[in-house]
> 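Quick one: the structure is below, and I'll ask about it shortly.
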Amino acid sequence: RARLRALGFVVKVVRARAEEAAGTVVQQSPRAGVELRKGSALTLTVSTGPARVTIPDVTGLDEASARLELESAGFEVRVTEESTHDSGEDGVVLRQTPSGGSTAKEGAIVALVVGRYD
């Protein structure tokens, strides 16, 4: 913005969520390469960073329900199994990382540990 103003342009900044790091110019209008006169207006779209979403707490849910809830919230799910001697824990989410209630970027991986009865 400072550089463009120093060149004699009027600069408007619009902020928007984007995958690029916060503060990164992700779009400009008019586009680069267009000749403009001093005093012309430019609009810069600046990233506020990727969206952060609250992670649902899915511990205690069956694997299918947990996966559906997390994927519906915008997360990718990875599952590992852990042997259990409690038949009530068979197919149930025992732990998750990151924990429910924390926030992460949309599309982040949530790892689930699911019990498998022996």
Side-chain angles (χ1 to χ4, degrees):
R1 178 171 34 184
R3 180 187 264 175
L4 291 170
R5 283 185 176 161
L7 293 171
F9 297 108
V10 175
V11 181
K12 177 182 176 189
V13 174
V14 175
R15 302 205 182 274
R17 292 220 182 269
E19 286 303 308
E20 292 80 5
T24 303
V25 175
V26 294
Q27 186 177 10
Q28 71 180 47
S29 178
R31 62 180 167 65
V34 173
E35 288 191 34
L36 299 172
R37 294 183 182 173
K38 282 190 177 187
S40 295
L42 294 163
T43 301
L44 301 177
T45 302
V46 178
S47 174
T48 59
R52 293 193 66 82
V53 181
T54 300
I55 301 169
D57 184 357
V58 297
T59 54
L61 296 180
D62 64 271
E63 181 181 344
S65 297
R67 180 180 294 280
L68 179 63
E69 190 167 337
L70 289 166
E71 288 175 348
S72 294
F75 297 103
E76 188 175 327
V77 178
R78 298 275 164 81
V79 175
T80 57
E81 296 180 353
E82 181 176 286
S83 184
T84 180
H85 299 294
D86 180 347
S87 62
E89 291 181 338
D90 188 44
V92 173
V93 176
L94 305 175
R95 293 184 303 284
Q96 73 180 72
T97 306
S99 60
S102 59
T103 61
K105 291 180 189 176
E106 202 170 322
I109 295 170
V110 177
L112 303 179
V113 176
V114 176
R116 289 293 174 230
Y117 181 65
D118 290 336

> Are Phe75 and Leu94 connected into the same hydrophobic cluster when the rule is that any two of I, L, V, M, F, W, Y join if their side-chain heavy atoms are below 4.5 Å apart?
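No: no chain of side-chain contacts under 4.5 Å links Leu94 to Phe75.
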
> Output the rest of the hydrophobic cluster of Tyr117: all Ile, Leu, Val, Met, Phe, Trp and Tyr residues reachable through side-chain heavy-atom contacts under 4.5 Å, sorted by chain and number.
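Answer for Tyr117: none, a lone residue.
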
> Count I, L, V, M, F, W, Y as connected when their side-chain heavy atoms are under 4.5 Å apart, and connections chain through other members. Are Val92 and Leu70 then in the same cluster?
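Per the 4.5 Å side-chain linkage, Val92 and Leu70 are not co-clustered.
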
> Please check this pair: side chain of Glu69 against backbone of Val58, looking for a donor-acceptor N/O pair closer than 3.5 Å.
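Not at all, since once roles are kept as given, no pair shorter than 3.5 Å links the two residues.
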
> Residues in side chain to side chain donor-acceptor pair (under 3.5 Å) with Ser65, at least two apart?
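Applying side chain to side chain donor-acceptor pair (under 3.5 Å) to Ser65 gives Asp62.
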
> Without placing hydrogens or testing angles, list every side-chain donor-acceptor pair under 3.5 Å for residues 15-25, not counting sequence neighbours.
unit_1, atom_1, unit_2, atom_2, d
Thr24, OG1, Ala21, O, 2.9

> Linking I/L/V/M/F/W/Y whenever any side-chain heavy atoms sit under 4.5 Å apart, do Leu4 and Val10 land together?
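No, separate clusters.
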
> Please tabulate, for side-chain N and O atoms in residues 27-45, each donor-acceptor pair with protein atoms closer than 3.5 Å (sequence neighbours left out).
unit_1, atom_1, unit_2, atom_2, d
Ser40, OG, Arg37, N, 3.3
Ser40, OG, Arg37, O, 2.7

> Between Ala73 and Val53, what is the shortest heavy-atom contact and its length?
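That closest heavy-atom pairing would be O-CG1, 3.6 Å.
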
> Run the side chain to side chain donor-acceptor pair (under 3.5 Å) test against Glu82 and tell me which residues pass, sequence neighbours left out.
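With sequence neighbours excluded, Glu82 shows a side chain to side chain donor-acceptor pair (under 3.5 Å) to Arg95, given in chain and number order.
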
> Which pairs would a plain distance check flag for residues 99-116, meaning a side-chain donor or acceptor within less than 3.5 Å of a matching protein atom at least two apart in sequence or in another chain?
unit_1, atom_1, unit_2, atom_2, d
Ser102, OG, Ser99, O, 2.6
Arg116, NE, Glu81, OE2, 2.9
Arg116, NH2, Glu63, OE1, 2.7
Arg116, NH2, Glu81, OE2, 3.4

> Are the side chains of Val46 and Arg1 in touch, meaning some heavy atoms are under 4.5 Å apart?
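Of all side-chain heavy-atom pairs linking Arg1 with Val46, none is under 4.5 Å.
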
